[in-house]
Amino acid sequence: MISATNRFFFTCLIILFSACAVRSFSSINNNRIIGCGTDTGNIIILKNNEYHHRLFCNKVRKGSSNPYPRTGSGSVLSKRTVSFRGKSLTRRDLTRLTTSLGDDEGMNERKREKYIKKPIQKAIHKFKSRPGTYLLIPCVAAVVGWFTNWLAVQMIFYPVQYRGLSLYRIPEVPLGLIGWQGIVPCKTRPMSEAMVEMVTTQLLSVKEVFQRLDPKKVADLLTPEVPKLGQSIIEDLMPSNRPWSWISDVPKSLFVGLPSQTVELISHMNHSFLKDFTIAMQQNIDSLLNVRNCVVDQMVLDRTKLGELFQKCGSKELDFLTNSGLWFGFILGLIQMVVALFWDNPWSLSIGGGIVGLATNWLALKWIFEPVNPTKVGPFILQGQFLRRQKEVSAEFSKFFAENILTSKKMWFSILNDPTTTPAFHELFGAHLTKFAKSVSSGLGVGLEPEVLKLAAVKAIEKLPNHIGVLHSYVDEKLQLRETLRISMEKMSSAQFERVLHPIFEEDELTLIMA
């Protein structure tokens with residue numbers, strides 16, 4: 001016997017279940033059951049003023065009575081008519097609808113057969129008939145990817161001079177109407193200027209660096225050269241083919257006959273002159289040395305030099321740019337193979353080859369420089385390949401720059417020949433030389449004309465390169481440019497460091513990708 005409580009409980013469950021069933025079929029989202037076909041197993045539902053149907057799996061039991069009239073197609077209606085969009089639908093309309101829904105199922109099946117099953121079967125058949133041909137596609141794509149990337153790298157640095165017909169060409173644009181010049185050789189001037197701007201504003205203080213020189217040491221090194229320089233100037237002023245050429249030997253005889261105290265005094269004056277001049281140069285180095293012109297003039301004179309610097313700093317990135325085309329091309333070639341199996345177009349391989357060339361170049365460039373800052377993606381930390389080598393690149397850059405660009409010899413050459421700094425040096429040197437010459441001549445009781453002193457100063461500046469060679473090793477060692485540049489570069493932010501190498505790709509990035 002079931003107690004009253006249990007009967008009430010089961011009654012509630014039955015009512016709840018029935019309510020849920022009715023709601024699920026007739027009231028969810030304003031759906032209403034229109035009719036069902038017990039033979040076809042379809043339920044027709046009016047949902048948001050649109051017809052839908054569901055598979056109805058519960059068949060009417062054998063022998064069970066059906067209180068609703070049945071149509072010829074097995075449709076059972078809960079109502080004689082149903083209103084839809086202001087129109088009444090009869091049982092016949094619903095019967096047609098039920099039949100059409102059955103047709104829709106068949107149509108969907110035919111579409112799946114046509115657009116999914118048959119193409120897959122056809123692709124499998126094509127692959128089995130010529131497996132070697134299709135397996136060759138990713139291999140060829142790998143070779144194409146490698147070659148296009150290799151060509152892009154060569155186009156960055158070569159040819160150094162424009163090759164082609166100079167029918168029409170825009171200055172500092174690598175691509176002419178018919179011809180090409182390497183991107184770096186073509187754009188040496190703007191690239192060098194950008195690099196010098198970075199060096200002088202972020203890496204190096206010229207005035208601070210030159211303060212490291214010891215004026216006394218510089219004077220010690222140059223003191224023996226002053227008598228040689230003076231004798232050379234006198235020989236130029238008194239040529240040997242003139243009748244009075246014997247006068248040029250007077251200084252030698254005069255110095256030999258002077259008392260030792262006088263010689264020591266002159267030597268002391270000579271040392272003081274050189275020491276004071278060195279201090280004056282340190283204080284005015286910004287007006288005496290134009291680092292921008294010093295570097296840019298060298299780069300423009302030898303356009304291979306900037307390319308050599310970039311190749312040393314970015315050797316691994318350039319190798320990666322070339323070699324990545326191989327495996328990027330292979331991966332894209334697999335996609336190209338699948339496309340060829342499903343798409344019977346004679347241009348598919350040509351189009352795919354072009355896409356492979358573009359994509360491999362683009363992917364490689366992005367991989368080198370992006371992301372600029374370390375970015376965490378899951379358990380991985382991603383950053384551009386070049387930026388991860390900041391310490392290594394800093395060492396290479398500073399070494400090349402200190403040993404090939406900003407050397408003592410190159411800086412002295414710029415000081416003595418740069419039109420923007422030569423007048424300031426001439427004025428400074430002439431003032432100190434005149435002061436020294438007057439001191440010496442007054443001590444010897446000899447008077448010198450201002451014109452002679454001025455001419456002697458010009459001759460001395462002309463001959464300085466032959467006598468300052470004794471300074472180069474000391475200056476290069478004392479300035480410590482290599483160490484200074486390296487430390488400064490290592491301290492740069494990722495965004496700042498990225499500008500060291502990226503400009504050579506940015507100048508004609510589209511051209512490189514199209515290559």
Side-chain angles (χ1 to χ4, degrees), residues 156-157 184 188 191-214 217-218 282 285-286 289-299 302 304-321 368-374 381 383-415 471-506:
I156 294 175
F157 303 104
V184 173
T188 293
M191 286 184 177
S192 300
E193 290 175 350
M195 182 176 63
V196 173
E197 180 70 16
M198 176 197 69
V199 170
T200 54
T201 58
Q202 302 178 38
L203 304 180
L204 195 66
S205 170
V206 177
K207 194 164 188 176
E208 179 183 340
V209 166
F210 270 85
Q211 292 300 322
R212 297 171 183 171
L213 296 177
D214 182 2
K217 179 65 176 178
V218 173
Q282 289 176 317
I285 192 63
D286 289 334
L289 174 63
N290 188 325
V291 178
R292 175 185 173 277
N293 290 353
C294 178
V295 175
V296 174
D297 290 347
Q298 291 182 61
M299 297 297 188
D302 183 3
T304 63
K305 188 169 289 187
L306 183 61
E308 185 181 353
L309 172 61
F310 284 140
Q311 285 175 308
K312 283 185 176 294
C313 293
S315 58
K316 291 187 178 180
E317 285 68 35
L318 294 171
D319 290 341
F320 171 81
L321 180 60
I368 290 174
F369 297 106
E370 294 183 12
V372 174
N373 296 307
I381 297 178
Q383 190 179 21
Q385 184 177 354
F386 175 71
L387 301 166
R388 293 199 303 266
R389 295 199 311 116
Q390 184 163 347
K391 286 190 175 182
E392 184 179 345
V393 174
S394 299
E396 285 290 344
F397 182 91
S398 59
K399 179 182 178 182
F400 185 91
F401 215 81
E403 294 180 358
N404 297 276
I405 309 297
L406 287 181
T407 63
S408 174
K409 185 176 181 179
K410 300 291 177 62
M411 288 187 287
W412 268 107
F413 181 85
S414 180
I415 291 172
L471 289 177
H472 295 329
S473 58
Y474 168 74
V475 172
D476 288 335
E477 178 185 356
K478 199 66 178 177
L479 293 184
Q480 298 178 349
L481 289 179
R482 179 176 177 180
E483 191 69 11
T484 302
L485 290 171
R486 182 186 65 80
I487 294 174
S488 299
M489 285 191 73
E490 289 180 358
K491 293 179 180 179
M492 294 173 76
S493 67
S494 297
Q496 292 173 327
F497 182 73
E498 183 251 2
R499 305 312 302 165
V500 174
L501 186 64
H502 202 180
I504 72 170
F505 298 99
E506 283 182 329

Rounded at 0.5 Å granularity, tell me how far [atom1] in [X] sits from [atom2] in [Y].
X	Y	atom1	atom2	result
Ser473	Leu471	OG	CG	8.5 Å
Glu498	Met492	CD	CE	10.0 Å
Leu481	Ser408	CG	OG	10.0 Å
His472	Lys410	NE2	NZ	10.5 Å
Asn290	Met411	CG	CE	13.0 Å
Gln496	Gln202	CD	CD	4.5 Å

Quick one: does [X]'s side chain get under 4.5 Å of [Y]'s, heavy atoms only?
X	Y	value
Val393	Phe386	yes
Met489	Phe401	no
Leu213	Leu479	yes
Lys312	Lys399	no
Asp302	Glu308	no
Phe310	Leu318	no
Leu406	Leu204	yes

Grab the two heavy atoms, one from [X] and one from [Y], that are nearest each other, plus how far apart they are.
X	Y	answer
Val296	Ser192	CG2-CB, 3.9 Å
Met299	Leu306	SD-N, 3.6 Å
Leu309	Met195	CD2-SD, 3.4 Å
Arg292	Val196	CA-CG1, 3.5 Å
Phe497	Arg389	CZ-O, 4.4 Å
Lys305	Ile405	CD-CD1, 3.4 Å

- Message: The criterion is side-chain contact (heavy atoms from CB on, under 4.5 Å); which residues satisfy it with Asn404, sequence neighbours excluded?
- Response: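 Once residues adjacent in sequence are excluded, the partners of Asn404 under the side-chain contact (heavy atoms from CB on, under 4.5 Å) criterion are Phe400.
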I'd like to know if the side chain of [X] and the backbone of [Y] have a donor-acceptor N/O pair within less than 3.5 Å.
X	Y	answer
Ser398	Leu485	no
Arg482	Asp476	no
Ser394	Gln390	yes
Gln298	Cys294	yes

- Task: Quick one: list whatever passes side chain to side chain donor-acceptor pair (under 3.5 Å) with Gln383, sequence neighbours left out.
- Result: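 In terms of side chain to side chain donor-acceptor pair (under 3.5 Å), with neighbours along the sequence ignored, Gln383 is linked to Ser494.
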- Message: Counting only heavy atoms from other residues, nucleotides and ligands, does the tally under 6.0 Å from NZ of Lys217 exceed 12?
- Response: no
- Other residues, nucleotides, ligands: >12 heavy atoms within 6.0 Å of Tyr474 OH: yes
- Task: Using a strict cut-off of less than 4.0 Å between a Lys/Arg side-chain nitrogen and an Asp/Glu carboxylate oxygen, indicate whether Arg486 and Glu483 qualify as a salt bridge.
- Result: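 Looking at Arg486 and Glu483, the cut-off is met.
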- Message: If you apply the rule side chain to side chain contact (heavy atoms under 4.5 Å, CB included), what do you find for Val206 with Leu289, and how did you get there?
- Response: CA-CA 9 Å; Val206 177; Leu289 174 63; 4.2 Å; yes
